[in-house]
Amino acid sequence: MYRTQPISATLKDGEIIRSGGRLLINDSTNNTLAETAAGQIAIGVSADESSRSAVSPHAYETTGATVGYYPLGGVMLVQVDAASTFNIGATVYVSGDGLATSTVGSNKKLGIYVGDAAHAATALTAPLGGNEGQSGATEGALIRVNTNSADIA
């Protein structure tokens, strides 16, 4: 499968992405990206962390910051919340804090879990917990999701 290089985009002021695998939306008020909230439709997955200051101590930029992201399509590595479990073929949903979840509720479909085995709930701790400290959710591992069936409306 052909995979594009990550696309660089500007983040909404105040947004910080601390790891790859975070679900992103278009913040249509100012045409920037932000992490997903429950009930929103994801457009892509972060490829890495957001930009940092060139000046020591190299803190995350909070105004005009950029991030690389992959548009949805094909199999993507996505960070899931720590409470979710999946069997192969299970539906994966978009949740808050830029995370995927197994919880249906009002959450939109992200795709189908296509890992090589059942995924057990996994809580990560810093520094592996991605946006820990910014996110309100406990974060879990990266999982493989076929995003070709993601909701678009």
Side-chain angles (χ1 to χ4, degrees), residues 1-82 84 86 90-102 107-116 119 122-153:
M1 178 173 123
Y2 174 75
R3 175 59 63 193
T4 63
Q5 294 297 315
I7 298 167
S8 181
T10 303
L11 288 169
K12 178 180 176 180
D13 284 351
E15 282 286 318
I16 297 171
I17 306 297
R18 290 184 171 86
S19 66
R22 304 303 285 220
L23 299 174
L24 302 169
I25 61 158
N26 179 334
D27 178 49
S28 59
T29 31
N30 50 21
N31 199 31
T32 56
L33 296 184
E35 284 187 333
T36 57
Q40 292 183 317
I41 296 171
I43 65 160
V45 177
S46 66
D48 51 24
E49 64 182 12
S50 55
S51 56
R52 292 177 177 261
S53 168
V55 180
S56 185
H58 306 292
Y60 287 107
E61 295 176 324
T62 56
T63 304
T66 59
V67 69
Y69 79 99
Y70 293 107
L72 293 185
V75 176
M76 314 282 294
L77 283 173
V78 177
Q79 194 170 17
V80 67
D81 64 40
S84 289
F86 299 96
T91 303
V92 180
Y93 298 92
V94 175
S95 185
D97 300 309
L99 301 172
T101 186
S102 59
N107 295 324
K108 304 293 185 185
K109 285 188 232 176
L110 178 63
I112 305 296
Y113 175 68
V114 291
D116 56 359
H119 169 75
T122 308
L124 300 180
T125 57
L128 301 176
N131 282 9
E132 202 163 297
Q134 175 188 0
S135 168
T138 304
E139 300 162 355
L142 291 170
I143 62 169
R144 289 181 185 89
V145 179
N146 182 343
T147 63
N148 286 326
S149 59
D151 282 342
I152 59 171

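Computed from a prediction, not measured in an experiment: that's the story for all the values here.
Taking the side chain to side chain donor-acceptor pair (under 3.5 Å) definition, one finds that Asp116 meets it with nothing, sequence neighbours left out.
Using cut-offs of 30° and 60° on the angle between ring planes, the pair Phe86 and Tyr113 is parallel.
Using a 4.5 Å heavy-atom threshold, the side chains of Ile17 and Tyr69 count as separate. Side-chain contact between Lys109 and Tyr93 is present, with heavy atoms from C-beta onward closer than 4.5 Å. Contact check for Arg144 versus Leu77: side-chain heavy atoms found under the 4.5 Å cut-off. Using a 4.5 Å heavy-atom threshold, the side chains of Leu110 and Val78 count as touching.
In terms of modelled atom types and a separation under 3.5 Å, the side chain of Glu15 and the main chain of Glu35 share a donor-acceptor contact. The backbone N or O of Ile112 sits nowhere less than 3.5 Å from a side-chain atom of Thr91 that would complete a donor-acceptor pair. Of the possible polar contacts, one joining the Asn146 side chain to the Asn148 backbone as a donor-acceptor pair under 3.5 Å is found. With Asn107 contributing its side chain and Ser95 its backbone, the two residues share no donor-acceptor pair below 3.5 Å. For the pair Arg22 (side chain) and Ala34 (backbone), a donor-acceptor distance under 3.5 Å is absent. Under the 3.5 Å distance criterion, the side-chain polar atoms of Ser84 are matched with a main-chain donor or acceptor of Ser102. In this structure, Ser51 contributes its side chain and Thr66 its backbone to a donor-acceptor pair below 3.5 Å. Proximity of a side-chain donor or acceptor of Asp97 to a complementary backbone N or O of Thr36 within less than 3.5 Å is not detected.
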Passes side chain to side chain contact (heavy atoms under 4.5 Å, CB included), Ile16 versus Thr62? Steps please.
CA-CA 7 Å; Ile16 297 171; Thr62 56; 4.0 Å; yes
Assess whether side chain to side chain contact (heavy atoms under 4.5 Å, CB included) is satisfied between Leu72 and Val45, documenting all intermediate values.
CA-CA 7 Å; Leu72 293 185; Val45 177; 3.8 Å; yes
Check against side chain to side chain contact (heavy atoms under 4.5 Å, CB included), Asp151 and Val94:
CA-CA 9 Å; Asp151 282 342; Val94 175; over 6 Å; no
Could you go through the side chain to side chain donor-acceptor pair (under 3.5 Å) check for Thr10 and Thr32 one step at a time?
CA-CA 5 Å; Thr10 303; Thr32 56; over 6 Å; no
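Taking every heavy atom of both residues into account, Met76 and Pro71 meet most closely at CE-O, 3.8 Å. Thr147 and Gly73 make their closest contact through OG1-N, 2.7 Å (heavy atoms, listed as atom of the first residue, atom of the second, distance). Residues Ser53 and His58 share a closest heavy-atom pair of O-ND1, 3.0 Å. A pairwise comparison of heavy atoms in Gln5 and Tyr70 identifies C-CE2, 4.1 Å as the closest pair. Heavy atoms only, all atoms of each residue included: Gln79 and Leu142 are closest at N-CD2, 3.5 Å. Minimum interatomic distance between Lys12 and Asp27 (heavy atoms only, all atoms of both residues): CD-OD2, 3.5 Å.
The CG atom of Leu11 sits 9.5 Å away from the OG atom of Ser46 when rounded to the nearest 0.5 Å. Distance CG/Asp81 to OG1/Thr101: 3.5 Å, rounded to 0.5 Å. From Leu23, atom CG reaches atom CD1 of Ile41 across 12.5 Å, with rounding to the nearest 0.5 Å. Note that CD of Glu49 is 3.5 Å distant from OH of Tyr60, once rounded to the nearest 0.5 Å.
Under 3.5 Å, the side chains of Ser28 and Asn26 contain no donor-acceptor pair of N or O atoms.
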